[in-house]
Amino acid sequence: MCGIVGYTGPREAYPIIIKGLKRLEYRGYDSTGVALHNSGLKVYKKKGKVAELEDAILGKDLHANTGIGHTRWATHGEPCDRNAHPHSSASGRLAMIHNGIIENYGQLKQELVNKGYTFSSDTDTEVLLNFIEEIRNNNSCSLEEAVRVALKRVTGAYVILLLDADDPETIIAARKGSPLVIGVGKGEHFLGSDASPMLEYTKEVVYVNDYELAIVKPDELILKNLGNEKITPYVQKLDLELAAIEKGIYEHFMLKEIHEQPQTIFDCLRGRLDAEAGTITMSGIQQYAEQIMNANRIIMVACGKLARRPRS
Ligand code: GLU
């Protein structure tokens with residue numbers, strides 16, 4: 001699982017993106033990168049932590065009002081600078097970040113190689129990006145149209161964010177299978193793998209659904225399905241405070257979670273446990289109570305890790 005962040009609006013994009021990527025660090029990653037609209041597209045990327053990228057590009061002109069950032073968890077190609085995102089298209093006019101896996105990238109790559117394309121990374125992402133560019137060039141269509149056509153050929157899971165050198169205020173985004181949240185501000189929009197990168201700027205968010213494409217500009221958010229039909233964005237209010245996602249006084253997130261357990265359990269039981277009446281109301285499973293009572297076998301499925309205490 002990697003992280004993606006995007007911003008378009010009147011603020012400086014770079015600090016928002018870097019801070020957002022740091023918030024997404026809990027997801028794990030091996031490389032970091034950003035693409036900024038700064039008199040054309042500037043791409044900076046590197047194997048390693050977000051802080052290492054920051055150090056490496058200290059002193060560069062990072063001014064931009066639109067940009068995207070990525071933390072990569074390699075699936076296609078080793079973790080290295082070359083394979084880090086964002087990737088640039090063959091013409092250098094497009095930059096893209098991607099979270100997920102393009103399953104049929106081999107077939108698409110072969111088609112592009114036959115047309116004379118060469119690749120500077122081993123990633124499935126660079127294949128999809130050039131496939132999009134090829135469609136745009138061939139059909140002289142808009143980027144949005146090219147993305148739609150390309151995604152109809154793609155199997156796999158993705159969130160993609162794209163920048164176009166010729167359209168300095170727009171981010172094109174699409175999702176299938178991987179999460180994408182868009183934060184709606186006043187004359188600005190934020191994009192993220194979850195809401196944590198945008199929490200201090202806005203509490204209004206849109207969760208993009210599978211097979212949806214977003215055209216994101218500072219003042220406008222257009223959502224469409226892959227059939228080019230417009231969808232009204234469903235803006236929800238976030239019920240999450242900054243303190244809940246920051247490490248606070250704790251050195252590690254795990255330590256914070258351990259200390260938060262009493263409150264978390266209290267919150268979970270709130271509205272379910274009535275200690276005075278001695279009742280528990282499990283509304284989610286109430287309708288299945290009879291089946292559960294009559295079950296011969298109950299299988300419990302979970303994810304995560306149980307820390308085993310060493311035997312003394
Ligand atoms: N499949 C892409 C790659 O290997 C994206 C991986 C990710 O989700 O970070 O670069």
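Ligands are counted one by one from 1 in listed order, and the atoms in each one are counted from 1 as well.
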- Numbering as shown, the atoms of ligand 1 that approach Asn99 to under 4.0 Å (heavy-atom distance): 8 (O)
- Can you tell me if His76 uses its side chain to pair, donor with acceptor, with the backbone of Ile101 under 3.5 Å? no
- Query: Is Glu12 reaching over with its side chain to a backbone N or O of Ala64, donor-acceptor style, under 3.5 angstrom?
  - Reply: yes
- Does Tyr29 use its side chain to pair, donor to acceptor, with the backbone of Val50 at less than 3.5 Å? yes
- Using non-hydrogen atoms of the residue, decide whether Gly100 is closer than 4.0 angstrom to ligand 1. yes
- Say whether, by atom type as modelled, one donor and one acceptor occur between the side chain of Asn104 and the main chain of Arg153 under 3.5 angstrom. yes
- Message: Does any N or O of ligand 1 fall below 3.5 Å from an N or O anywhere on His76, backbone included?
- Response: yes
- Query: Quick one: does NZ or CZ of Lys109 land under 6.0 Å from the six-membered ring centre of Phe131, within 45 degrees of the ring axis?
  - Reply: no
- Pull out every atom of ligand 1 sitting under 4.0 Å from any heavy atom of Arg72, numbered as shown with elements. 3 (C), 4 (O), 9 (O), 10 (O)
- Just which atoms of ligand 1 are under 4.0 Å from any heavy atom in Trp73? 6 (C), 7 (C), 9 (O)
- Message: Test of understanding: given a 4.0 Å heavy-atom threshold, classify the contact between Thr125 and ligand 1 as side chain, backbone, both, or neither.
- Response: side chain
- Query: Should you measure from each heavy atom of Asp124, which atoms of ligand 1 turn up under 4.0 Å away?
  - Reply: 1 (N), 2 (C), 3 (C), 4 (O)
- Message: Restricting to non-hydrogen atoms, name the atom on Asn99 and the atom on Arg27 that form the minimum distance, rounded to 0.1 Å.
- Response: OD1-NH2, 4.4 Å
- Counting both backbone and side chain atoms, is some N or O of His85 under 3.5 Å from an N or O of ligand 1? yes
